[in-house]
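Input: a single structure, listed below in structure tokens.
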Amino acid sequence: MEKNEILMIHGTNYKAMTKQILEAANLEALIGTKDKKIGLKPNLVVAKPASSGATTHPELLAGTIEYLQDHGFKNITVMEGSWVGENTDRAFDACGYGAVLRKYNVPFFDLKQDSYKEYDGAGMKLKVCDAPASLDFMINMPVLKGHCQTTITCALKNNKGVIPDSEKRRYHTMGLHKPIAHLNTIARNDFILVDNICGDLDFEEGGNPVVMNRILGFRDPVLCDAFVCEAMGYRSDDVDYVVLAEKLGVGSRDTKNAVITRINDSVMEDKPFPMTGRVKRLAAFAEPKDACSACYGSLIYALDRLSDKGMLHKGMKPISIGQGYKGEKGAVGIGSCTRCFEKSLAGCPPKAVDMAAFLEEEWVK
Ligand code: SF4
């Protein structure tokens, strides 16, 4: 897998999907010799199950460990430190990681208990815990979700889990963006496996999950976060730490020249999407008919961007989306399934950033 590639897989068998995406990336070759010390860094920010939209699904952990062990890698540790004020062990239990790690006999290391050293992160003095710093290969396993201060959070910000709590507090006093970008000049990002199953609409602690049933693979954390911006209806220019990380040479924001490999097509849900308050209110502006989760989820993010601009009002004609509209005529539709509509946005699925621009132009009156 090259640095400008993006791997994408859809479905609901998350463990099998994880193994498929790692096979497609040929992770074995990326890691190298079997004696390599490998770390898995999920997002256990708070003590909430993955269905809340805050934390990494345990199935991704199971699939990754199974892939690694099947390929002869034995030196594997799962490591994470929850946010300040949360106990990592509580988060570990809430996410059901204990059963997974017992099954595969893999240790967990709470990074709040780790020692640390100070490094020069492209001109900033930053502390990083010793266990992640000693690894040969780090698999960063963030959740694609919103964040009240940094707009989005994914690969780059997930590395905030590999620093001591005192440093996490200091980052907040520095406005987060700059230290996060600089941290990623020293923290490892050898492979990024993104949990895009049901990340939260706008809070890192979850509560409003947006179901998309998708897992993504990257080698470049900046490309990852730039793609995530667009998947949530933003441009990467909107998020300072993504722009700065590119300037510091961490990676590239060039999503236009990225090579996207879809391992399978988007999947249609056979049951209604579970929705909470804010997501439900946004969904009221859509009229789905057999919509794929990645398409429908992207539309929720696009509608949220329009809501941010005060463009959603009662009485607006709902937007059509889904495979049930194939061959039908209508006014405004999203995705190639609505190509016979008067106004339709091509793509299968289109990105939320393109949906937001299209709807602003063709639907908002
Ligand atoms: S355009 Fe149609 S088939 Fe493609 S993702 Fe959207 S709903 Fe699914």
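Note that ligands are numbered from 1 as they come in the structure, with each ligand's atoms numbered from 1 the same way.
Checking C348 against atom 6 (Fe) of ligand 1, every N/O/S atom stays at or beyond the 2.8 Å cut-off.
At least one heavy atom of G347 sits less than 4.0 Å from an atom of ligand 1. Within the 4.0 Å heavy-atom cutoff, A294 does not count among the residues contacting ligand 1.
Counting atoms of ligand 1 from 1 in the listed order, those under 4.0 Å from a heavy atom of S336 are 1 (S). Listed by number with element, the atoms of ligand 1 under 4.0 Å from a non-hydrogen atom of G335 are 1 (S). Ligand 1 places these atoms under 4.0 Å from at least one heavy atom of P349: 5 (S).
With respect to the salt-bridge test (charged N to carboxylate O, under 4.0 angstrom), the residues K112 and D110 do not qualify. Checked for salt-bridge contact, R219 and E2 miss the test: no charged N lies under 4.0 Å from a carboxylate O. Taking a cutoff of 4.0 Å between a charged side-chain nitrogen and a carboxylate oxygen, K34 and E28 qualify as a salt bridge. The pair D225-K157 does not count as a salt bridge, with every side-chain nitrogen at least 4.0 angstrom from each carboxylate oxygen. Under a 4.0 Å N-O distance rule, the pair K326/D290 does not qualify as a salt bridge. The existence of a salt bridge linking D165 and K168 is confirmed by a sub-4.0 Å separation between a basic side-chain nitrogen and an acidic carboxylate oxygen.
For N184 and N189, the side-chain atoms include at least one donor-acceptor pair closer than 3.5 Å.
Of all protein heavy atoms, the one closest to atom 6 (Fe) of ligand 1 is C295 SG, 2.4 Å. Among protein heavy atoms, atom 8 (Fe) of ligand 1 sits closest to C292 SG, 2.4 Å. For atom 2 (Fe) of ligand 1, the nearest non-hydrogen atom of the protein is C337 SG, 2.2 Å.
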